[in-house]
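Below is one structure, written out as structure tokens, with a few remarks after it.
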Amino acid sequence: MIASQHDFLIFIVEDNYVMKKMIIHGGRRLSGSVSIGGAKNSTVALIPAAILADTPVKFDMVPDILDVHNLMLILESMNVHSKFANGVLEVDPTEIVEAPMPSRAIKSLRASYYFMGALLGRFGRATVTFPGGDNIGPRPIDQHIKAFQALGASVVEDNGTVRITTGEDGLHGARIFLDVVSVGATINTILAAVKATGSTTIENAAKEPEIVDIATFLNNMGAHVRGAGTDVIRIEGVPALRATNVHTIIPDRIEAGTFLSLAAAAGDGIQINNIIPEHLESFTAKLIEMGVNLEMGEDKVYVGRSDDLKAIQVKTLPFPGFATDLQQPITPLLLRATGSSMIVDTIYPQRIKHISQLQKMGAQIRAERDMIVVDHTDHLNGAVVDAGEIRAGASLMIAALMADGTTEIENADNILRGYGSIVAKLTALGADVAIEDPVRVED
Ligand SMILES: CC(=O)N[C@H]1[C@@H](OP(=O)(O)OP(=O)(O)OC[C@H]2O[C@@H](n3ccc(=O)[nH]c3=O)[C@H](O)[C@@H]2O)O[C@H](CO)[C@@H](O)[C@@H]1O
Ligand SMILES: C=C(OP(=O)(O)O)C(=O)O
């Protein structure tokens, strides 16, 4: 049975849950236009940030992705009611209570770690199961913990659960130098510090646009966060946060990059709407170097049919460098280039789950020491493959659209964690794609 993207979202918390498959009949050239949704990595921080407010809050341009539905389940466990329809999410944290959180939902995504900073900011303590998210190599949270401790909290890790407490004085401002540039640690520190007593400085902060989005949301509620988007962020604690307007989430630069790669690899003229070109510069610069036919507009880009592509070298870096989350989605396009392309992922060197799966489809791609080498490949064939994580899934999805025959992508939930309305968007471009309803195992 074929289900709409929405139908399966409720099943994730059930024990007998079985992951879905994405079925793609490939080989069609795609054309038309697509509109990019709100950024996953902003949304998944904004939702936990909402519990810091003393009023209901409202977000617009919220993507309909699994992570959002799982965050809503976590909110409900704290008596925080939320309502999501037509891209608008309303969250009412005014009757929040401290309560155990559903560990299955917490484990289903990475960003559940933002409840550590947000609960700490709200109650001066937090107990949160260690987060899940994509399996892309080691993902420590030592810098988050270091920052909480600098702000005056005690942190104990016990059997996969992190317990954070403060003394009678609560949290106080501090100067924190992050040893590694971390998106999560930067945002978690902001969430904990925004209502702390006094001034906090975060040095060597991450500069991703999603961090600016969180700071904008908090500042519009009366917070005092300055310097977001640079590597020094200064925060003056305030006693209360009150929402007075709807916060519109920035467009998802990773979804946009995925569609850019897809359009260049399998398109016959595709317009991508609702983008912020400045957020994509390191990516579009590489496409231009390859010879992709791009026409940039103020908030859109047109990708013309692109032939005679050249091989490139890619190194992933923190923003504004080339995003690790776009390393896998660009791979199918590199298969079309003449010569050998090389990718070095400095953020997650073990992010290579797509390689063995693309090989099943006939791709000439291999891991060599700390590098991914992608050779020109004339022909891809459909196969049964596994979306080991979200961006490996995105890479397989694009390869499947290019391939002759049928591809079954197993564990497609990993794609649906972060690509809103993906079936509808691809279908509108002329793709033959469906999500297969899982066969559920009975107890
Ligand atoms: C929900 C979300 O926004 N996820 C994004 C976020 O993940 P996430 O916030 O988890 O990634 P970080 O920016 O924290 O990680 C960057 C690097 O720092 C290391 N590190 C991080 C924290 C820490 O305490 N100690 C430490 O050593 C990590 O192992 C990694 O090598 O940024 C990643 C890097 O752009 C993206 O791939 C993810 O899509
Ligand atoms: C790694 C990613 O997500 P997360 O941090 O939520 O696992 C991603 O979006 O590519």
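First listed ligand is number 1; within each ligand, the first listed atom is number 1. The shown structure was predicted, so the numbers you read here are calculated from the model rather than taken from an experiment.
- With a 6.0 Å radius and a threshold of 12 heavy atoms from other residues, nucleotides or ligands, K360 has its NZ atom above the threshold.
- Within the 3.5 Å criterion, the main-chain N or O of Q313 finds a donor-acceptor partner in the side chain of K286.
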Distance-only check: which donor-acceptor pairs under 3.5 Å involve side-chain atoms of residues 42-49, not counting sequence neighbours?
residue	atom	partner	partner atom	Å
S42	OG	D213	OD2	3.0
T43	OG1	A39	O	2.6

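- Of all atoms in ligand 2, numbered sequentially from 1 with element shown, those under 4.0 Å from a heavy atom of R139 are 1 (C), 4 (P), 5 (O), 7 (O).
- Less than 4.0 angstrom separates some heavy atom of R110 from each of these atoms of ligand 2: 4 (P), 5 (O), 6 (O), 7 (O).
- No donor-acceptor contact under 3.5 angstrom links the side chains of D231 and N204, judged on distance only.
- No N or O atom of D67 sits closer than 3.5 Å to an N or O atom of ligand 2.
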Exercise answer: donor-acceptor pairs, residues 170-179 side-chain atoms, under 3.5 Å, sequence neighbours excluded:
residue	atom	partner	partner atom	Å
R175	NE	E203	OE2	2.4
R175	NH2	E203	OE2	2.9
D179	OD1	K146	NZ	2.8
D179	OD2	Q143	NE2	3.3

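- The protein residues lying under 4.0 angstrom from ligand 1, judged by non-hydrogen atoms, are N41, V44, R110, Y113, P138, R139, P140, I141, D142, Q143, H144, V180, V181, S182, V183, G184, T324, D325, I347, Y348, R351.
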D345 vs Q327, side-chain hydrogen bond (donor to acceptor under 3.5 Å, both in side chains): CA-CA, chis, key distance, verdict
CA-CA 7 Å; D345 193 335; Q327 178 258 104; 3.0 Å; yes

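- Remark: among candidates R351, E389, E255, the nearest residue to atom 1 (C) of ligand 2 is R351, based on non-hydrogen atoms.
- In terms of the side chain to side chain contact (heavy atoms under 4.5 Å, CB included) criterion, residue partners of E157 (sequence neighbours excluded) are, by chain and number, F130, I145, V162.
- Looking at E281 and R253, no side-chain N of the basic residue comes within less than 4.0 Å of a carboxylate O on the acidic one, giving no salt bridge.
- Ligand 2 is approached by I390 to a heavy-atom distance shorter than 4.0 Å.
- Taking the charged nitrogens against the carboxylate oxygens, D325 and R351 do have a contact shorter than 4.0 Å, which makes a salt bridge.
- Between the D299 side chain and the I276 main chain, no donor and acceptor come within less than 3.5 Å of each other.
- Residue-ligand proximity, R391 to ligand 2, at heavy-atom distances under 4.0 Å covers atoms 8 (C), 9 (O), 10 (O).
- Close contacts between ligand 2 and D325 involve ligand atoms 8 (C), 9 (O), 10 (O) [criterion: under 4.0 Å to a heavy atom].
- Close N/O approach between K40 and ligand 2 is found [any backbone or side-chain N/O within under 3.5 Å].
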